[in-house]
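In what follows, a structure is listed as structure tokens, so that the remarks can point back to it.
By convention in this document, chain letters (A, B, ...) are assigned in the order of the sequence lines, proteins followed by strands, and residues within each chain are numbered from 1. Heavy-atom basis, side chains included; hydrogens, waters and symmetry copies ignored.
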Protein chains: 2
Amino acid sequence: MLEFAILGLLHQAPMHGYELRKQLAQVLGGLRSISYGSLYPALKRLHAAGYVTTDEPDPRAPLPADAPPLTGRRGKVVYTITAEGKERFHELVGQSGPEAYDDGGLFGVRLAFFRHTAADVRLRILEGRRRTVERQREGLRASLSRTRERLDRYTLELQRHGLDSVDREVRWLAELIDRELTDGQPPRDGGADTGDPPAPPRP
Amino acid sequence: MLEFAILGLLHQAPMHGYELRKQLAQVLGGLRSISYGSLYPALKRLHAAGYVTTDEPDPRAPLPADAPPLTGRRGKVVYTITAEGKERFHELVGQSGPEAYDDGGLFGVRLAFFRHTAADVRLRILEGRRRTVERQREGLRASLSRTRERLDRYTLELQRHGLDSVDREVRWLAELIDRELTDGQPPRDGGADTGDPPAPPRP
DNA sequence: GGACCGATGTATCGGGACGATACATCAAGG
DNA sequence: CCTTGATGTATCGTCCCGATACATCGGTCC
């Protein structure tokens, strides 16, 4: 999941780890943040896989000691995405299977990079997510009506609130899907299931 | 967090790991489940700490080989809470500091066991949780109004939905607090922090 | 001038949780 | 009979988190 998000951000511009973390927190929805304990190992993995490069200028460079007034520039490391990294990102961005929406966290990241995602893939992800959350909702409803009597007030309240949240998410997703359908092809008309979508986000 | 939940469940009745997991899923609000990869190591820790015992009858028992028709009874292990475990649980149940509400997951578990929690502690936890979530909400609001223009439609929608969820949680908590205040002490009057709550579990 | 402080910045460590997986028993039913 | 599904115990590798350490920079306050 981090892999996708990092590649997505570096796809837009090279960045320091620190900046990356801030952007990440924003992309993730504001509340969910990413810790350095996840970020740096992830960057290391990406580096090892050849998806990013660093400008680390070899820490033990001789440095003839004749540029002391030169602006510090200590350990700052700028991470840049490579061609392989971009390829990998586009590969990931094209996935529309359950792995893209079964986990809410990954779905959030996918949504945040929807502008890089083809219209048909967007739709499949949104609908897959809706089905997943709907299933959750039904399970929750069933469990709640089954155990309503045996639960104390607080547990009941907890379940009620959970169900309410899930229900709201379903409605939200339905709204997104609706918007996707209505303003994705307002001027177009016949372009049905030819497998070749209007491909709107062509960077 | 698991420690608290497991002790809480075993406090009510001895159980198998399997049953524990099912109950846990219910207590956690239905959507959040616990994997065996967490559960069994947690039970092992609790066992090592002396908070639970097992009826494991020593796997390499001689078994004179004269009871084949005896009902299988393979590895089933029943976990039972000990006196130290109960003590530990009551110690945990008395905590009302930030550790009880800063993490949403733990807060949920605390709520699920509110019937074992003193009224004043309940109130402190609910109010602490509310303050935490309110802070989140304000941060989210600020971030949203700061970056409204620079975000694309999908990211914006994600943030909007997140803010909405948080807002709903605040209102839900306010409702719980209100109910706590109004029907916690209608007949009583002075019975403040005596540690002996009016026992409100009113079904 | 200098002392402090918060933002920027890189990095590791231990621990906890997860998903996947393996294995075993037993009841129900095609 | 034999396959499926529920019950049941347990581990492995991987990921992620919170805490922590360290270092630099631009301010502000006295």
Practice item. For A:Glu180 and B:Tyr154, test the side chains for any donor-to-acceptor distance below 3.5 angstrom and give the result as yes or no. Key: yes
Taken to the nearest whole Å, NZ/A:Lys76 to P/C:dA11 is 13 Å
Among C:dG9, D:dT9, C:dT12, the one nearest any side-chain atom of A:Tyr18 is C:dG9
Of A:Leu2 and B:Glu19, the one whose closest nucleotide on DNA chain D sits nearer the 5' end is B:Glu19
Of B:Pro41 and A:Ser38, the one whose nearest nucleotide on DNA chain D sits closer to the 5' end is B:Pro41
Side-chain touch B:Leu24/B:Ser33, heavy atoms, less than 4.5 angstrom:
no
Of C:dT10, D:dC16, C:dC18, the nucleotide closest to the side chain of A:Met1 is D:dC16
Rounded to whole Å, the OH-P distance (B:Tyr40 to C:dT21) equals 19 Å
Taken to the nearest whole Å, CZ/B:Arg21 to P/C:dA17 is 14 Å
Of C:dA11, C:dC18, D:dG8, the nucleotide closest to the side chain of A:Tyr79 is C:dA11
**Message:** Between A:Arg110 and A:Gln95 (side chain of the first, backbone of the second, donor and acceptor by atom type, cut-off under 3.5 Å), is there such a pair?
**Reply:** yes
Here the distance between atom P of D:dA19 and atom CG of B:Asp102, to the nearest Å, is 10 Å
Rounded to whole Å, the NE2-P distance (A:His16 to C:dT8) equals 13 Å
note: B:Tyr36, atom OH; C:dA20, atom P; distance rounded to Å ~ 14 Å
(message) Please determine whether a side-chain nitrogen or oxygen atom of A:Lys44 lies at a distance below 4.0 Å from atom OP1 or OP2 of C:dA11.
(response) no
Whole-Å distance, B:Leu39 CG to D:dT11 P, equals 12 Å
Separation of C:dG16 atom C1' from B:Ile6 atom CD1, nearest Å, is 12 Å
Of D:dC16, C:dT10, C:dC18, the nucleotide closest to the side chain of A:Arg45 is D:dC16
So what does A:Gly37 hit on the nucleic acid, given a heavy-atom distance under 4.0 Å: a base, only sugar-phosphate, or nothing?
-> base
Under a 3.5 Å distance rule, please check whether B:Arg21 uses its side chain to pair with a backbone N or O of B:Leu39 as donor and acceptor.
no
Q. Under 3.5 Å, is there a donor-acceptor pair between the side chain of A:Thr82 and the main chain of A:Tyr51?
A. yes
